[in-house]
K.L.:
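This is the structure I have questions about; it appears just below.
Chain A is the first sequence line, chain B the second, and so forth, proteins listed ahead of strands; every chain is numbered from 1.
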2 protein chains.
Amino acid sequence: MTATTSTLGFAILAVLARADSTGYEIAGRMRHPIGRFWTAGHSQIHADLQRLRAAGLVEYVTAAGPGPQEKKVYSVTPEGLGALRDWVTEPPRPQPERDELVLKTYAAWLADPARLIEMFRTALRHHEERLAEYESTWAAVEEAPPAFGTSGFGNMAALRCGLTYERHRAEWCRWMIDQLLRAQSDGEHPA
Amino acid sequence: MTATTSTLGFAILAVLARADSTGYEIAGRMRHPIGRFWTAGHSQIHADLQRLRAAGLVEYVTAAGPGPQEKKVYSVTPEGLGALRDWVTEPPRPQPERDELVLKTYAAWLADPARLIEMFRTALRHHEERLAEYESTWAAVEEAPPAFGTSGFGNMAALRCGLTYERHRAEWCRWMIDQLLRAQSDGEHPA
DNA sequence: TCCTTCTATGTCAGAAATGACATAGTGGGC
DNA sequence: GCCCACTATGTCATTTCTGACATAGAAGGA
């Protein structure tokens with residue numbers, strides 16, 4: 001009954017539900033802002049669009065394109081919108097998170113503290129930069145909170161997650177650096 | 001020069017650096033505790049162990065096994081330990097996070113608030129359960145902080161990340177539920 | 001003029017990852 | 001006595017994902 005579509009398929013539907021787009025434009029949104037929580041290259045997107053079309057969840061109209069092929073502007077069909085709506089409220093199975101920095105941390109006891117401090121400072125800088133970016137966007141959103149039922153609500157909600165995530169991450173990096181500095185000074189002049 | 005090994009290969013090395021193990025045991029540790037930040041099925045692990053062995057990063061001794069094949073107890077070679085040490089301090093490229101719940105949130109403006117509240121309450125419950133688990137483990141660790149240079153340090157550092165992550169996540173879920181409740185009551189009796 | 005970037009489509013090879021299948025002894029509960 | 005879970009190895013088909021290759025016009029800067 002329910003169309004079997006990969007998670008990427010729903011990500012594409014979520015983009016198209018906001019505005020009709022070409023595959024190229026979808027790839028752009030996949031980098032930003034969706035790239036913070038889902039990624040896909042354009043080759044994968046083109047393939048998935050064809051699958052979605054075969055399943056009747058999207059359709060397209062053609063126009064003259066810059067390259068040898070015609071440009072295809074995709075839009076969500078009513079069935080596609082229904083499938084997206086159903087999927088949104090289905091609880092995802094608890095995340096199998098994949099986090100390389102934490103994996104490195106798990107093995108950090110084997111490495112040189114000075115180098116680790118350097119690595120975590122780099123990570124901290126990245127997180128602080130993103131946090132600053134999110135906070136300025138947040139300030140703008142807070143002044144005029146978008147109503148539920150408009151796409152702005154989705155933007156705000158995802159942004160809020162990014163905001164608290166970057167805070168947690170920066171906090172943890174600072175804690176790590178602190179721990180490593182202690183380990184270093186203990187190593188220099190042990191009691 | 002540096003051996004080209006996938007991230008999973010380093011995850012395996014990180015397990016073996018703590019204790020010599022069979023592939024089966026590695027798979028067990030991959031579920032817990034490593035499953036919180038990296039995952040792999042046993043089929044993938046067996047394949048990777050063979051690659052690591054071909055690269056000279058691990059070796060094994062055989063013993064009688066329960067099945068038709070012999071049991072193989074793997075250990076890290078000096079080259080493997082060196083590769084692991086080098087990898088640990090190499091800064092990972094900023095995370096391409098993949099988070100289905102946030103993706104759903106991005107499209108949440110299309111869905112029914114009541115169902116969304118249900119979904120976020122489920123997610124919140126999961127995060128609170130994990131948080132409680134981490135906090136009790138943390139209390140035990142804090143009493144006797146493991147020294148840097150022992151594997152306990154890696155455990156503690158990864159646990160600390162999980163702890164602040166679950167806090168951020170629970171906080172965000174509560175914020176979402178609050179927003180959705182407001183949206184619901186606004187919908188019921190709009191000014 | 002030339003070079004790069006942006007627009008826009010796609011294919012293809014290969015790697016990574018999942019889940020099912022296959023085999024087989026031991027130990028414990030009902 | 002029977003069935004299940006645990007230990008332990010592996011293969012295989014399929015799906016997913018990445019990165020490179022291929023094509024080509026338009027716009028803008030050096």
K.L.:
To the nearest angstrom, how far is A/D20 atom CG from C/dA8 atom P?
P.N.:
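Checked: the CG to P distance equals 14 Å.
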K.L.:
A/K71 side chain N/O closer than 4.0 Å to the phosphate oxygens (OP1, OP2) of D/dG25?
P.N.:
no
K.L.:
Taking atom P of D/dA8 as reference, at what distance in whole Å does atom CZ of B/R31 sit?
P.N.:
12 Å
K.L.:
What residues form a salt bridge (charged side-chain N to carboxylate O under 4.0 Å, His left out) with B/R182, not counting sequence neighbours?
P.N.:
B/D178
K.L.:
Five pairs at each end of the helix from C/dT1-D/dA30 to C/dC30-D/dG1: take the axis at both ends and give me the angle between them to 10°.
P.N.:
30°
K.L.:
Give every donor-acceptor pair under 3.5 Å between a side-chain atom in residues 8-15 of chain A and any protein atom, sequence neighbours left out.
P.N.:
none

K.L.:
Rounding to an integer number of Å, can you tell me how far A/I26 CD1 sits from C/dT7 C1'?
P.N.:
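Value for this atom pair: 15 Å.
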K.L.:
Could you state the atom-to-atom distance from CD of B/E25 to P of D/dC6 in whole Å?
P.N.:
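These atoms are roughly 15 Å apart.
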K.L.:
Within the pair B/Y24 and D/dT9, is there a side-chain N or O less than 4.0 Å away from OP1 or OP2?
P.N.:
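Checking D/dT9 against B/Y24, no side-chain N or O comes under 4.0 Å of OP1 or OP2.
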K.L.:
Check the distance between D/dT9's C1' and B/K72's NZ and give it to me in whole angstrom.
P.N.:
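The distance from NZ of B/K72 to C1' of D/dT9 comes to 8 Å, rounded to the nearest Å.
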K.L.:
Using the test side chain to side chain donor-acceptor pair (under 3.5 Å), find all partners of B/R160 that sit at least two apart in sequence or belong to another chain.
P.N.:
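In terms of side chain to side chain donor-acceptor pair (under 3.5 Å), with neighbours along the sequence ignored, B/R160 is linked to no residue.
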K.L.:
Counting only heavy atoms not in A/R98 (residues, nucleotides, ligands), do more than 12 fall under 6.0 Å from its CZ?
P.N.:
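Enclosed.
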K.L.:
Measure the distance from CD on A/Q50 to C1' on C/dT11 and round it to the nearest whole Å.
P.N.:
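It works out to 10 Å between those atoms.
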K.L.:
What are the two closest non-hydrogen atoms of B/E100 and A/W38, and how far apart are they?
P.N.:
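Taking every non-hydrogen atom into account, N-CZ3, 3.9 Å.
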K.L.:
Under 6.0 Å from the ring centre and within 45 degrees of the ring axis: does the NZ or CZ of A/R130 meet both conditions for the six-membered ring of A/Y165?
P.N.:
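Negative - A/R130 is either too far from the ring of A/Y165 or too far off its axis.
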K.L.:
Could you go step by step and tell me if A/R53 and A/D48 meet the salt bridge (Lys or Arg N to Asp or Glu O under 4.0 Å) rule?
P.N.:
CA-CA 8 Å; A/R53 196 181 153 253; A/D48 239 68; over 6 Å; no
K.L.:
When you measure from the side chain of A/R36 to the backbone of A/G162, do you find a donor-acceptor pair of N or O atoms at a distance under 3.5 Å?
P.N.:
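Judged by distance alone, no pair lies under 3.5 Å.
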K.L.:
Checking B/E135 now: which residues fulfil side chain to side chain donor-acceptor pair (under 3.5 Å) with it, not counting sequence neighbours?
P.N.:
B/R167
K.L.:
Return a single string for nucleotides 12-23 of chain C, one symbol per nucleotide in 5' to 3' order, where B is base contact, S is sugar-phosphate-only contact and - is none, cutoff 4.0 angstrom on heavy atoms.
P.N.:
----SSBB---B
K.L.:
Between D/dT16 atom P and B/E100 atom CD, what is the distance in whole Å?
P.N.:
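Between P of D/dT16 and CD of B/E100: 13 Å.
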K.L.:
Using the closest heavy atom to pick a nucleotide of DNA chain D for each, name whichever of B/V73 or A/P66 lands nearer the 5' end.
P.N.:
B/V73
K.L.:
Send over the distance from A/Y74 OH to C/dA8 C1', rounded to a whole Å.
P.N.:
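The answer, rounded to whole Å, is 11 Å.
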